Amino acid sequence: MSTLTLVVTLAIALIAFYLALVATICVVRDRTLPRLTAISRLLVSWLVPLLGAILTIRVATEESTQNLPRRWWLWPLRPLLVDAAPAPGFAEVTDMRADAERILPGHTLIPPP
C-alpha cells in the first residue's frame, strides 16, 4: 500500500475512535438514561462506525440535562452541535388574527370577536 493510503486510513480510524469514545462519555455521564437505552446507544456508537457515534452524540447533546455542547472534549464537534437547540421562540403559538392585523391593519377578512 502507498503511504497516502495508510495515512488516510489511519486518520479515518482515529476519527472513528474519537467519535466512539466521545459518544461513550456522553452516554456514561447521562445518569438519567435507563440501562437498556444506555447499552443500546453504546452498542450503536461502537458497532456502526462513524454514523452511530455521530447520531449518539447528537441525541445525547439534545436530551442531556448537563450542558454537553459546552464540554471541552466536544470542541471539535461544536459546528455539528450548534443547531441542536431550537430557536427561543420556536414553541410559541401565534394568534393568527392579531398577526394578520399587525401586518395588514384593516385589510383582514376575519371579523373581530
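Sequential numbering from 1 along the given sequence is applied to the chain's residues. The model shown is predicted, which means the values in this text are computed figures rather than measured ones.
Evaluation of the salt bridge (Lys or Arg N to Asp or Glu O under 4.0 Å) test over residues 9-24, restricted to residues two or more places apart or in two chains, returns none. Within the structure, no pair that satisfies the salt bridge (Lys or Arg N to Asp or Glu O under 4.0 Å) test touches residues 46-57, not counting sequence neighbours. Here salt bridge (Lys or Arg N to Asp or Glu O under 4.0 Å) pairs that include residues 2-22, with residues two or more places apart or in two chains, number zero.
When hydrophobic side chains of Ile, Leu, Val, Met, Phe, Trp and Tyr are connected at separations under 4.5 Å, V7 ends up as a singleton with no cluster partners.
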Could you list the donor-acceptor pairs under 3.5 angstrom formed between side-chain atoms of residues 8-15 and any protein atom two or more places apart in sequence or on another chain?
| residue | atom | partner | partner atom | Å |
| --- | --- | --- | --- | --- |
| T9 | OG1 | T5 | O | 2.7 |

Could you list the donor-acceptor pairs under 3.5 angstrom formed between side-chain atoms of residues 44-52 and any protein atom two or more places apart in sequence or on another chain?
| residue | atom | partner | partner atom | Å |
| --- | --- | --- | --- | --- |
| S45 | OG | R41 | O | 3.3 |
| S45 | OG | L42 | O | 2.9 |
| W46 | NE1 | T24 | OG1 | 2.7 |

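With rounding to the nearest 0.5 Å, the separation of CG in L43 from OG1 in T56 is 10.0 Å.
Residue V27 is tested with V22, L33, V59 for a side-chain contact (heavy atoms from CB on, under 4.5 Å); the sole match is L33.
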